Amino acid sequence: MTGLFNMILYVALSVHIILMGVAFVHLWHGENAVDRLIGYDLLGTLTLAVLVLVSLIYRQSLYIDVALALAVLSFVGSVALAKYLADDKMF
Amino acid sequence: MQTVLFEILAAAAVITGTFFSVVGVLGFIRMPDVYTRLHATGKVGVFGVVFLLIAAVIETPLGWGKGLFLIFFLLVTGAVTAHAIASAAYHINIPMEGKGDAGRDSGDTPPPWEPRA
């Protein structure tokens with residue numbers, strides 16, 4: 001049973017990495033700044049998903065701390081960039 | 001018996017999370033304009049990762065406190081980020097596809113935007 005679960009985890013990990021590639025390609029060809037900002041936010045979230053999957057694969061909760069830090073920083077980054085786009089000043 | 005049950009639950013959560021991530025990124029690729037694209041990426045952030053975290057809370061030893069906090073944090077910040085980006089896009093007059101609301105048909109100039117106080 002555990003082998004099957006590990007196989008599911010590896011499949012999910014590879015799917016997420018492929019999704020990150022697809023999102024990055026679309027981000028690269030983004031038509032305007034907000035589109036790229038959404039791509040940046042999506043890439044942050046997908047990295048978060050990859051980190052959680054790694055913590056699942058290794059059965060260690062260390063990577064959830066990394067995911068927590070990434071979640072906080074990507075949130076602040078997204079909001080600051082959105083405000084910068086709207087008002088041309090960040091804070 | 002107990003671990004097998006947990007692993008089945010965790011596997012179901014991982015599969016659901018991956019499904020939502022795929023749907024979210026597909027939406028990010030195919031949606032016509034910025035606002036609907038933002039709607040799609042919100043799903044990845046909220047549903048995709050939260051289901052993976054549910055699996056992580058079930059599976060990883062000693063990690064359930066951090067996992068629950070991260071789930072709560074993601075649910076809160078997902079909405080805030082989406083609102084910030086949407087208001088930024090609206091603020092710099094990015095047109096909406098299709099039949100916008102009465103005040104903002106797609107393509108024509110939006111109403112004048114008075115800067116925030």
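Just so it is clear, the model here is predicted, and its values are computed rather than measured.
- By number of non-hydrogen pairs under 4.5 angstrom with chain B, the leading residue of Leu4(A), Val25(A), Leu46(A), Val52(A) is Val52(A).
- The two residues Thr81(B) and Ser78(A) come nearest to each other via the heavy atoms CG2-CB, 3.4 Å.
- Within the 4.5 angstrom heavy-atom criterion, no atom of Val11(A) approaches chain B.
- Atom CG of Leu42(A) and atom CG of Leu48(A) lie 11.5 Å apart (nearest 0.5 Å).
- Side chains of Leu26(B) and Leu19(A) form no contact here, defined as non-hydrogen atoms less than 4.5 Å apart.
- Scanning all heavy atoms of the two residues, the minimum distance from Leu70(B) to Ala71(A) falls at CD1-CB, 3.9 Å.
- When each of Ile8(A), Leu9(A), Leu68(A) is checked for heavy-atom pairs under 4.5 Å with chain B, Leu68(A) comes out on top.
- The heavy-atom pair separating Arg37(B) from Ile38(A) by the smallest distance is O-CG2, 4.5 Å.
- Both the backbone and the side chain of Ala67(A) come within contact range of chain B, judged by heavy atoms closer than 4.5 Å.
- Ranking Ile85(B), Ile15(B), Ile92(B) against chain A, the residue ahead of the rest is Ile85(B), based on heavy-atom pairs under 4.5 Å.
- Your options are Leu62(A), Ile18(A), Leu85(A), Asp65(A), and the one with the most heavy-atom pairs under 4.5 Å with chain B is Asp65(A).
- Both the backbone and the side chain of Phe28(B) come within contact range of chain A, judged by heavy atoms closer than 4.5 Å.
- Neither the backbone nor the side chain of Ser74(A) comes within less than 4.5 Å of any heavy atom in chain B.
- Contacts of Ala82(B) with chain A are absent, with no heavy-atom separation under 4.5 Å from either backbone or side chain.
- Here Ala12(A) pairs with Leu53(A), Val14(B), Thr18(B) under the side chain to side chain contact (heavy atoms under 4.5 Å, CB included) rule; sequence neighbours left out.
- With values rounded to the nearest 0.5 angstrom, Ile57(A) atom CD1 is found 13.0 Å from Thr60(B) atom OG1.
- When heavy atoms are compared at a cutoff of 4.5 Å, Leu38(B) approaches chain A by way of both its backbone and its side chain.
- By the 4.5 Å heavy-atom criterion applied to side chains, Lys66(B) and Leu53(B) are not counted as neighbours.
- Proximity to chain B is limited to the side chain of Val15(A), based on heavy atoms less than 4.5 angstrom apart.
- Chosen from Leu62(B), Thr41(B), Ile8(B), the residue pairing most often with chain A at heavy-atom distances under 4.5 Å is Thr41(B).
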